Each structure stands twice: as C-alpha cells, then as structure tokens.
Amino acid sequence: MPLRATRLLIGLRLRRALNRFTAAFQRRHRAAAGQRTATPGKAKLGWLIGGLVALAMVFSYTNFAYLALVNFKRALGFIQMPVQAPAAQKKITAAAPTNPQAAPQQGRWVRLAPAPGFTLSAGVLQAAALEMSILLAAALMLSLAGIELVRPEWDMEWLATLPVGMSMLLAARIVERTVVGPGLIVLVPFLTVLAWDAGHHVGALPLGLAAALPLAAIAATVRTIIDTGLRLSVSPAQLRNLNALVSIASIVILYLAISPGTSTGSYVIAWATSVPAWMFWLPPGLATAAVAGAEPASAVIAFLELAAEATVCVVLGAAFLRRQLRFGVVAAGARESSRSVAATRSRMLAPETGRRLLSPIQARELRLLARDRNYLVQTLVLPVVIVGAQVLINARGNLFGAAGDSPEHLAALGFGIAAYALMLSAFQTLNSEGNALWILVSLPRPLESILRQKALLWGAVCLVYPAALFAFAAVVSGGVSLNLLGLAVVVLLGVPIYAVIATSLGVFGSDPLAQEVQRRVRPSYVYLYMLLASVYVYAIYASSIWQRAALMVLTALLGFALWQKARDHLPYLLDPSASPPARVSLSDGLIAALMFFVLQALVSLGYVLNGQKVTGSVLLVAFVIAGGATFLLMQFAFARLKSEGVPAILGTGNARAAAWGIGGGAVAALGALIYVRLIANTSLFENARESALFGPQDGVWLVALAVVAAPIFEEFIFRGLIFGGLRRTLGLAVSVLASAAIFALVHPPIAAIPVFGLGIVAALIYARTRLLIGPMAAHAVYNAVVVGYQFLSWGP
Amino acid sequence: MIELDGLGKRYGEFVAVRDLTFSVASGEVFGFLGPNGAGKTTTIRMLMGILVPSSGWAAIDGLDCNLARVEVKRRVGYLPDAPMFYDFLRGREILEFVGEMHGQTRKDARANAVRLLDELGLADAAEEYAVNYSMGMKKKLGLACALIHDPSVLILDEPTNGLDPRAAHEVQHLLLGSAARGKTIFLSTHLLDMAERLCTRLGIIHKGELVAVGALDALRREVVPGGSLEEVFLRATQAEEGADMSGGAA
C-alpha cells in the first residue's frame, strides 16, 4: 500500500509534467465537429516535438559539461615548469606529485600527474567538486524558482485529505521531487561526463545517474523543507516576492555553473585551487570521487558514503518536516493588503492634486509593477540579469572598457535588453490581463486604444535600458561621437517600433483565457518576434546611412502592418470560432513588395548562373516575370480569400483618371529633369552614373520596361496595396509620405529623390481617382520623359 | 430596448444558439432561463460583442451589438457569470479604474466607488485585494463595476449565483430598485424562485433554442395551466429532451 501511494503520486506528477511539457508545443485545436470539448485535443506531433526538445536539452547540457571538463583540464591539468627547476615544481604540486615520465609539452608546459586512484589531477578534481556543489545549488534554486511555490493553492492541503499517513506522504513527496524536479537534468550530465572520462564508457550513464540520485534526493528534501516552511509562515504576497528573488539568484547560479564550459577565465576555475580537502567529504565531493575514481574499491566506498549521507539527510529532513507540519497542513493567511480602512478613508478625503500624465490603464499597470515583485522581476529585471550575467561571467566585465572602441556592441546590447524586456512585457499585454479581460471588454473603449496605451508605456519604460547605456558610454568616453549619436538614434527609434511589433504579435501569440499558464503563449510567435528583433540588429551594424534608413523605414512599416492585422483581429479575440473577414492591408503590400524583389533577384541569378551578362533585356525579363507573378499571385489570393478593398485598375471615370495621371506624371518628370540638371554639375553621383547598367543598345527593351511593365506592377504594389493599406488607418499626408518613402528606398540611391516626388504625385492621384489607371499613367509619362532624356544625352 | 433577430452561434458543427428572436422593452426585467449549457452565456456574450454571431443580429438601443460595440457598452453594465479580478489590486481600486475608463473624472470615480461599495456592503473589504474575496464578494464587486456608470441597461449573468441568502436578497432588492428607476434588466438564471420574484417577462432557452417566451402568467396559462414556474420550466425543457431521446432511439 505505501509503495502504491508513492507510485501513484509520482505517476501523477510525471503525467502532469509531461502534459505541461507537451502542451507548450501543441497546436490548439478548435472545438471538434459536433460536440463541445472541454480540453483541447492532443496532437500526435506533441510527443515528437517534446522528445526532440528534451533531446536537444540533454545534448546541450552534456555538451556544456564536456566543455567544462575540457577547460578544467586545460587550466588546471598543466603546470608551467620553469626551465630546469623541478624542485620548485614539486613544491607547488605537493598534493599531486608529478609523473617523472610526463613529457614536457612545447618545452615549458607539463601535464600534471593524476591524483592517486584517479585519472584526473588534484586541481581538476577540486574544480569538479566545486562545479558539482554549484550544480547542486542550481538544482535546488531552480526547483524553488518554479511556479509551484507561488500558486495560491498548495497541493499538500489536498494531498493531506487522502487516506495516506503523513510520513508516507512526505516520503512520496521527496521521492517524487527527486525524480521529477530539475535535479536530475542538471546533475546527471556532468557526472556522466566525469565517469566517461574515468574510463567507464558503457557504464558512464548508469554511474552518473546513480551518483546524481542521492544528490537530487538531498536537493528535494531541502526544497520540501524550505517550501513547506515558507508556506506555513509567509503570506502569499511575500512568497511571490521571495520567489522573484530566488528566480534571479537561480539564473546567476546557473550561469556560474555553465561558465567554465564557455571560457577558461571562469570564476569556478579561479576558485578551484582554494577548495578545501573536506569538500570531498560532502555529498557533491563524494559524488565526484565516486564517478571519477579509477579504482573500483575506493569508488564503491565513495558511493556507499554518498548513499549514507543522503539517507541521513532525507531521514532527518523527513523528521523535521513532520515537526513542521505537527499543527496541520494549513497555509499562512490570504494575500494581505496591509492597509486599514480608516487610513484610506482619510486619504480619500484629501483633495486630488495635479494633472494626470498617465491614462488609467497606464497608471494601473505601473501600480501592479510596484506591488507585484514577481511581475516586476519577470518583465524588467530578468532581461538585465540574463544578459548581464552572460556578460559579467563570460567577459569578466570588460564590455564597458570596449564601449569606447566599439559602440556598436554597446548599442546592440542596449537594444537586445530592451527587445527582450518587450518580449516579456509588451508581448504579454493581453496575457497579463488574464481572466480579468472581461473588464476591459465591457468598457466603452476599443481594445485597440487600450493596447496602444500599453505599447506606449512599455516602449517608454524599455527605452530606459539603452538610454542608460548610451549615457554611460558618453560619460566613459568623455563625449559623444557622431557614430554614437547615430547609433543612439537607431536604437532609441527602434525600441518604440518593437514595442508596437511585440504588442501586435502578442495579440496573435497569446491566449489570455487559457487555464494553463504555459499555454498562454504560442511559441511560434515568440520565435517570430525574436527573429524580427535580430533583423534590426543589422541596422546597428550597417555601414551606410542609406542601409540604416532603409531598414528602419521597413521595420516601422512592418510594425504598422502588424498593428493593422492585430487591430482587425481584436474584435474576434474572445471568439473561438469566428475570424475577421479578409481585407487588403499593409501587410499584403509588404509581402507583395518582398516577393517582387526576391523573384527579380532569383530570375537574374538564373541568367548569371547560365553565364549570361545582366543586360537591359535580362533585367526586363526578370522584372516582367517577377511583377507578373506577384500581381497574379496576389490577385489569386485576394480572390480565394474574398478580400475586401482590392485595388481597382479600371472603373468609371477612366479617362479622367488617366488625364490626371498624365498631368501629374508630367509635373513629376519636370522635377526629375531639374534634379538631373542639378546633379550633373556636382560630383556626388559620379560613380553611380559610370556604372549604369544600361546602354543605348538596350533601347527598345528599356522603353518597354520603363513605360509599360514598371508602371503596371509597381503601381499595383506601392499605390494599390501599400498606400491603400496605410490609408486604411492613417491620415492622407502620412500615408502619402510613407508610401513614397518606401517606393524611393527600393530604387537606386541616385534616383531616390525624384522617385520620392513621383511617389507623392502618384499617391495623390490614386487618392483622388481611386483607380490605379491614374498613377499608372503618371508613372508611364514620368519614365518615358526620364528615359527619353537619357537617350538624348547619350546621343546616337 | 434589446432586440434579437435570428441570432445564432455555432462552433464548427456544434450549434450553441439557434435562431433567437425576441425583444425586451425598456424598463422590463427579463429573465433568461435555461438548464446548464443551454446557451445562456453564449447569448449574453453576443449581446456584449464578445462573440461574433454566426447568423442574425442583436441590438441594444438600436445599436448593433457587434458593429457598434463601443457605443453599446456606454449604455450597458455587464456582470459575467464568474467575475475574476486583477491580482494585487484592491476592490476600491478596481472599481475606480472601471469608473475612470468609463470617462469619469478621478474624483467622481472615487466618490461613486465608495458609494457603491457602501451600498453593496463591501465597505469593510474595500481595501483588500480582490483576489482574496469570496465568491459572493466577487460577484458583488462585479455588480458594482456594472453599476458604476449608471447604465440604462443591465446584462447580468447569474447575478445571485454563489451568494448567501442575505446577500442574494440584497442584490434582488437592489435590482428591483434599479428596475423601478426605469433600467432595463436582462438576467440569466436557473433559480426559478428569483425569476418569479424579479422578472416581468421570461424566456426559456433549451439546447440553444428558445422554447417559451412571455409574461409569467401567460406562460403558466399556455404551458401548464395552473402550474408553477417550476412545472413550466420542466415541461418546456423536457419536451425537447423527450423528442431528442426518441429520435436517438429510432
């Protein structure tokens, strides 16, 4: 019976862990046909993906463990021997006498002899024992940092109602936590690697597991004592705050444990030499000795000692737990909001002063941040700790020294922290509302305006990180260089853009009503956000202003496009079955533009691979194929989805629209001719003119491209989709300027300014006539004039 | 005041609500009765613009509940069946927040919050975090959120569910007072005695379809002459059941 209870409890835990693990990777299923389903069905793929992720985790932990051992050996397994001074050498390594036969490597480095009974030298063993102690601490901290501690319900309260004795229950709990918690995953790889290194090849994993189990049992006992004690004596609010602190500490310890795998400059290696001998009498040291021992007898003794110590720990721990619970299993009181009614009454009578800078939503968000340490830590502190710990432990703090030399790294770091913080804050905008979302839904405000305020708030809050870093860099380097200023602009504009992107993706990537917290975020959208954020880092490292500006404009447009999509989706947010009707939006325009350029490049590449020169005719073919394919694919997609608002080329009033177009095109062309005259007198674009791809021999082709093909395809994308998409939610002026800007960006820099003018004229004509024939005519006239002028200037 | 026309909602193949057509006049207290899972909450969510109808439409004060959802909410106070609140916020703070979001100044929102908390007997708990409230207190706080902007229509999902007898009585009293002041009330319930005491008209929904609608007396006359509301309810929801079961057996 006792065994059965233990087995059932462990089974329940394992099942729960497995469910949670696979749940995160499953696609949500809409309610199945004909019936309501209380819980979403399980996807068969979940197992496979879950298994693959577990495999990847095991692999990376093992890899770190292996690299750590390699670094230990490299740093502590050799000694630099003064030439012909073996006596001095003996003094330093008194604990590990050198092997006289050891061949000096490269003249001066000597491999230290293994400690008696081991294959590793004493220094490496000391480092390994220290590493094991840190890993044990990490396992304990990670288990305490878990979400279980902050759950308002305490499952012991429920388990205590089952017909099982308290001792049994406690034993089952410790066994269960030994097996299921993070302990084994953290401890086994390093022990296995040690065992492998000691020559136990086939037996390495069983040995590692056998040594890890007693350690995990000790961690589980300590964890159970701590969390029971906290549950009994600390209010849930304090518990959450404590949990927040522990989660930070656990990350630092974990990074410390990982650090010897990434560099030989790790603190672990620096501290290893001062590890005292009695460390080998403690469980982590015994575990190290047990798996690394080369002589079976001493290894077995170490194992037995380890098992004995662990047993004593568990038995004493269980007795202590029984004592802790002698007054029953009742958690400490509810979440207190220690403030008396009377005090508040008097406070409320005080007159309200000052204007409010923040909207009610923003004020509420900041109030939650101030009260809920866990929320604060998870959104704003965690990014700094994770990135900072990486930098400090691996680079040993020389980053700031390098700030003066390479401000790009600093800018990337600032943007990285901010983007990470946005992923934890702005991305979670809806999730943080959780089950209280009904309040927002019942208010006479569009959800969009609420989201906008939150995006604004988080964008502003996350600006603090890069701003502080730049200020620091300015102080350290004693001034602001032009380069630093440019980087600051890129990053400080990028953060608000990514606040918008994160908020919009969060609308699709979150499920605020999901019962299980793990299910609330759809991982694919998180990855998409991370991918987009890493794209922006190119803007930081880009060499030319032109590239930077192009990336920034594109990112801003992308952010806007995503926002538009999210806005369309919001009214359907809580409806599990309905989705918004398809409408042409800015994102369609961006997709079309991207497809257009990628296809052009691919077709041209095909010619190049065939050994052909890229001539005007090749460009024309590429252009027509790419444009035609894009045009047809988009039209096909719109027809399939029955999209609303597909731009019309022809309609009532064709002649009038064409007339507007011809007139507007003439004006834009005139502007272009004046521009060409002006730059002809400067040396600004000398190189660009020299490298022009076209020659008079391409004549007819060029005319066909410029006057017929380009207007049709480009106007459909840039005016029909992009300008039309922007216009749906933005004012006329902004839409005209933004669409003209992206239109100019995709042209060569030499033509950007006159093309920008054409973009403005064409957008205005389209806004007036609502028919694409208008801007197409303008574009055709413009190109005809500009190309014709070039022909004349080339001469016959 | 509230109109439903052919309103329906399906989730894939499952039809949650089918072809609801009825209206609630201004100043009426309309009771929406039905067994668990009949489609009461789905209907109310469509009235609140949370769910998009698969067919038909619903309108409040002449405004389409789905298309003009923001305007509709200016006129409506809503209480969900199980109101949940933000963690780490006090009851009074939540109420003030809702008042401010309805466009009240901070001062007005505070005054209204204090008044409502007093009226609903929550004054002592005003400074406690709302997550610690008992079910009944949460329901009362939700009711206060629905009332704070003095709406002309109240849409209440199981308003007395989970309340102790005294609290239930107080809430009923409050609702009767609101009705007397001319508010239109649409409430769903499966507590027949409350429906009998409060409602001027009743609609009974079963398996997503409206099976009876009318004033209590008229329903009694038509469905079970001389019977109680319980008998009316059982008859109305049983007829369908029987028909379905025989259909299933054949």
Side-chain angles (χ1 to χ4, degrees), chain A residues 30-37 152 236-237 240 333-345 348 351-352 356 359-361 363-364 367-372 374-375 432-447 449-450 571-580, chain B residues 9-14 16 37 45 48-54 66 69-80 82-90 92-94 96-103 105-107 109-111 114 123-129 131-132 142 145-146 149 155:
Chain A
R30 294 267 147 94
Q35 62 193 38
R36 292 164 90 149
T37 45
R240 270 176 81 108
R335 201 159 287 168
E336 296 297 339
S337 60
S338 53
R339 192 200 273 178
S340 75
V341 176
T344 324
R345 281 282 150 111
M348 277 192 285
E352 199 63 43
R356 301 196 64 185
S359 70
I361 273 280
R364 192 208 64 193
R367 181 179 274 167
L368 288 181
L369 269 182
R371 284 191 191 156
D372 187 349
N374 221 338
Y375 189 34
S432 65
E433 299 292 333
N435 288 322
L437 197 61
W438 69 271
I439 298 182
L440 296 189
V441 171
S442 71
L443 295 173
R445 301 255 177 133
L447 259 183
S449 80
I450 292 170
Y572 302 84
L573 188 68
L574 298 181
D575 193 319
S577 63
S579 50
Chain B
K9 179 70 189 172
R10 51 196 308 150
Y11 299 104
E13 296 286 301
F14 175 77
R45 287 190 177 155
M48 288 307 295
I50 298 171
L51 293 178
V52 182
S54 312
N66 183 38
R69 67 190 83 198
V70 171
E71 271 309 306
V72 163
K73 280 161 203 167
R74 253 185 247 294
R75 294 158 170 75
V76 174
Y78 167 58
L79 171 69
M84 307 278 267
F85 295 99
Y86 304 108
D87 203 349
F88 286 95
L89 283 182
R90 304 182 166 92
R92 174 184 56 78
E93 290 170 343
I94 290 170
E96 279 176 23
F97 168 72
V98 172
E100 281 187 77
M101 292 301 282
H102 273 288
T105 66
R106 202 165 186 203
K107 206 172 140 214
R110 178 162 288 187
V114 171
D124 288 340
E127 297 305 315
E128 261 185 59
Y129 288 149
V131 279
N132 293 335
C145 289
H149 59 298
I155 294 181

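Please read all numbers here as calculations on a predicted model, not as lab measurements. Throughout, protein chains are lettered first and strands after them, A, B, ... in sequence-line order, and every chain is numbered starting at 1.
Within the 4.5 angstrom heavy-atom criterion, no atom of B:Ile155 approaches chain A. In this structure, the portion of A:Leu368 lying under 4.5 Å from any heavy atom of chain B is its side chain and not its backbone. In this structure, chain A has no heavy atom under 4.5 Å from any part of B:Pro53. Contact annotation for B:Arg10: only backbone heavy atoms (N, CA, C, O) come within less than 4.5 Å of a heavy atom of chain A.
Side-chain atoms of A:Arg445 come within 3.5 Å of backbone atoms of B:Met101 as a donor-acceptor pair (strictly under, hydrogens ignored). Side chain of B:Arg69 to main chain of A:Pro571: a donor-acceptor pair is present (N/O by atom type, distance under 3.5 Å, no hydrogens or angles).
For the ring-ring contact (aromatic ring centres under 6.0 Å, His included) test, no residue two or more places apart in sequence or in another chain qualifies with B:Tyr78. Under the side-chain hydrogen bond (donor to acceptor under 3.5 Å, both in side chains) criterion, A:Ser432 pairs with A:Lys454, not counting sequence neighbours.
Of the listed residues (B:Lys73, B:His102, B:Arg75), the one with the most heavy-atom contacts under 4.5 Å to chain A is B:Lys73. Options A:Val441, A:Asp372, A:Ile361 differ in how many heavy-atom pairs under 4.5 Å they form with chain B, and the most are formed by A:Asp372.
Ion pairing between B:Glu96 and A:Arg364 fails under the 4.0 Å rule for side-chain N and carboxylate O. For A:Asp575 and B:Lys9, the salt-bridge test passes: some basic side-chain N is under 4.0 Å from an acidic carboxylate O.
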Set out, in order, the CA-CA distance, both residues' side-chain angles and the distance that settles side chain to side chain contact (heavy atoms under 4.5 Å, CB included) for A:Ile439 and B:Met84, then state yes or no. CA-CA 9 Å; A:Ile439 298 182; B:Met84 307 278 267; over 6 Å; no

Applying side chain to side chain contact (heavy atoms under 4.5 Å, CB included) to A:Arg371 and B:Tyr129, what does each step give before you reach the verdict? CA-CA 11 Å; A:Arg371 284 191 191 156; B:Tyr129 288 149; 3.4 Å; yes

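For A:Trp438 against B:Gly142, the heavy-atom pair with the smallest separation is CH2-CA, 4.3 Å.
Between the CG atom of A:Leu443 and the CZ atom of B:Arg74 there is a distance of 10.5 Å, given to the nearest 0.5 Å.
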